[in-house]
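Here the structure comes first, spelled out in C-alpha cells, and everything after it is commentary.
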Amino acid sequence: MFDERFYISSGPLKLSSILEGTNSFLLDDSCGDEKIFSAAELDTSVKGQISFLCSKKYSSLVPLASASACFVTPELSGLIESQNIIPIISSAPKAHFARSINKLVKLRKNKNLASKPSISESSNIHETAIINDGAVIESGVEISPFCVIGPGVHIKSNTFIGSHTIINCAVVGTGCYIKASSVIGGSGFGISSDEVGIINIPHVGRVIIGNDVFIGSNTCIDRGFIGDTILDNNTKLDNFVQIGHNCTIGAGTVIAAQAGISGSCSIGKGVRMGGKVGLSDHINIGDFASIAAGSGVMNDIPAKEVWSGVPAMPIRDHMRAVSAKRKLGKKFKK
C-alpha cells in the first residue's frame with residue numbers, strides 16, 4: 001500500500017475505469033466491476049491490488065502473486081489465470097500499468113496535509129530552509145540554508161542536512177550526515193511506451209535511510225518505483241553517487257565518487273566499491289565483495305570476491321587478460 005505521509009490514494013476504483021484510455025482489455029467483461037485499491041510489484045501483491053507481467057523472464061514471480069488483476073501479454077495470460085488473477089491483455093503491460101498508477105495515487109502537496117510540521121525545539125533550522133506540512137524534525141537535527149524538506153518527510157535525531165539539499169518521500173535515520181546539494185527521494189528514471197506514446201513511469205515508493213549514514217555532495221538517491229530504496233546503517237557514499245530506484249544497500253558498505261547504481265540492485269553488507277563503478281540493473285553483490293575503480297558490472301558478484309574491469313570479472317582473470325593483451329601488442333610490434 002502507499003505510504004499516506006507522501007501519497008494520496010484515489011482508490012478503490014473499478015477495474016473497468018482503470019483500463020479506460022488504454023488498448024488493454026479483459027477476457028471477461030464481468031470482471032470490470034472488480035475493486036482495485038492500489039498497485040504493487042507482482043511478487044508482493046495482495047488481493048485488491050493490480051500488477052503487471054511483461055516477460056517470461058519474470059514468470060517465477062507468478063506463484064508468489066495474489067493480485068486481483070494483472071496487465072499481461074497474450075502469451076502469458078494463461079500463467080496469470082492459473083494463479084486466479086484476472087488477466088488484462090495488453091501489448092504494453094508496463095506502460096498500461098504505469099497509467100493505472102497515475103489514476104490510483106497522487107503525490108502529496110503541502111496543501112493536502114492537515115498537520116503542520118513537527119519540529120523539535122532543540123533542532124537548528126536555518127530561516128531560508130523550507131519545511132513542508134506533515135514533516136517531522138526530531139531533536140538535534142541541523143538543517144542548513146536553502147534546504148527543502150518535503151511533505152511528510154521524517155528526519156530523526158542528530159542528523160545534519162547540508163545546504164541546498166532536497167528530501168522528499170523519505171525517512172532519514174539518526175546521526176546521519178548529508179552534504180550539500182544532494183537530492184533524496186526524487187522520482188527515478190523509468191520510461192515506457194504504448195499506443196499513446198512515451199510515458200514517464202510514476203514512482204510511488206520511498207527512500208529509507210538507516211542510522212549513521214554518510215551521503216556526499218551532489219548525490220542522488222531515487223525513491224522506489226513501488227516499494228523502497230533502502231540504505232542500511234553505516235552506509236557511506238562519496239560525492240556524485242547515483243543510487244537508482246528500489247536498490248538496497250547493506251550495512252557498512254562504502255561507495256566512492258561517481259559510482260552509478262542502476263535500479264533494483266541488491267548490494268550486500270560491507271561491500272567496497274571504487275570510484276566510477278557502474279552497475280547494470282538487477283545486479284546482486286554479495287557481502288564483503290570489492291569492486292575496483294572504473295569497473296562495469298554486468299553480472300552478479302559472489303560474497304567476498306574482488307572484481308575489476310569492463311565488463312567486470314574476477315580480478316585475477318582481468319589481470320591475466322590485461323597481461324595477454326600486452327604480450328599480444330608487443331608481438332605485433334615486432
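It should be emphasised that the depicted structure is a prediction, and the values quoted were computed from it without experimental measurement.
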From the options I167, I131, N132, select the one residue that forms a side chain to side chain contact (heavy atoms under 4.5 Å, CB included) with V148. N132
Do side-chain atoms of T165 reach the backbone of K179 as a donor and acceptor pair under 3.5 angstrom? yes
Just by modelled atom types, is the C176 backbone N or O under 3.5 Å from a matching donor or acceptor in the T159 side chain? yes
Output, in order, the C-alpha distance, side-chain angles, deciding distance and verdict of side-chain contact (heavy atoms from CB on, under 4.5 Å) for L79 and V72. CA-CA 9 Å; L79 192 61; V72 64; over 6 Å; no
Where do S77 and I89 come nearest, in terms of heavy atoms and distance? CB-CD1, 3.5 Å
Would you say the side-chain atoms of E138 and S120 include a donor-acceptor pair closer than 3.5 Å? no
Do D133 and P117 have side chains that approach each other closer than 4.5 Å (heavy atoms only, starting at C-beta)? yes
Side-chain touch F6/I8, heavy atoms, less than 4.5 angstrom: no
By the definition salt bridge (Lys or Arg N to Asp or Glu O under 4.0 Å), identify the one residue from R223, R206, R108 that meets it with D3. R206
Would the distance check show the side chain of T219 and the main-chain N or O of V241 forming a donor-acceptor pair, the cut-off being under 3.5 Å? yes
side-chain contact (heavy atoms from CB on, under 4.5 Å) assessment of V136 paired with R5: CA-CA 11 Å; V136 177; R5 290 175 294 182; over 6 Å; no
Identify the heavy atoms of M273 and I267 that sit nearest to each other, and give their distance. CE-CD1, 3.9 Å
Can you tell me if Q83 uses its side chain to pair, donor with acceptor, with the backbone of P63 under 3.5 Å? yes
Do N284 and S266 have side chains that get closer than 4.5 Å, going by heavy atoms? yes
Any sub-3.5 Å donor-acceptor pair from D194's side-chain atoms to H96's backbone N or O? no
Which distance, rounded to the nearest 0.5 Å, do you find between the CG of N246 and the OG of S262? 12.5 Å
Is N158 reaching over with its side chain to a backbone N or O of T174, donor-acceptor style, under 3.5 angstrom? no
Atom CD1 of I301 and atom CD1 of I291: how far apart are they, to the nearest 0.5 Å? 4.0 Å
F225 and I201: CA distance, side-chain angles, deciding distance, side-chain contact (heavy atoms from CB on, under 4.5 Å) verdict: CA-CA 8 Å; F225 162 40; I201 302 294; 3.2 Å; yes
Any I88 side-chain heavy atom under 4.5 Å of L26 side chain: yes
Would you say I285 and T253 make side-chain contact, with heavy atoms under 4.5 Å? no
Using distance alone, with no hydrogens and no angle criterion, decide if Q242 and D222 have a side-chain donor and acceptor under 3.5 Å apart. yes
Output yes when a side-chain donor or acceptor of S264 lies under 3.5 Å from a complementary backbone atom of H282, and no otherwise. no
Hey, any chance L42 and I86 share a hydrophobic cluster, counting ILVMFWY side chains that come within less than 4.5 Å of each other, even indirectly? no
So salt bridge (Lys or Arg N to Asp or Glu O under 4.0 Å) across residues 49-69, not counting sequence neighbours, yields none
How long is the gap from CD1 on I230 to CD1 on I209, to the nearest 0.5 Å? 11.0 Å
Using 4.0 Å as the upper bound for N to carboxylate O, is an ion pair formed by K47 and E34? yes
Inter-residue atom distance I161.CD1 - C147.SG, 0.5 Å rounding: 6.5 Å
Tell me whether N168 contacts the main-chain N or O of G186 through its side chain, where contact means a donor paired with an acceptor under 3.5 Å. no
Do F71 and V105 land in one hydrophobic cluster if side-chain heavy atoms of ILVMFWY residues count as linked below 4.5 Å? yes
Where the side chain of N239 meets the backbone of S217, is there a donor-acceptor pair that is under 3.5 Å apart? yes
Kindly say whether A95 contributes a backbone atom to a donor-acceptor pair with the side chain of S193 at under 3.5 angstrom? no
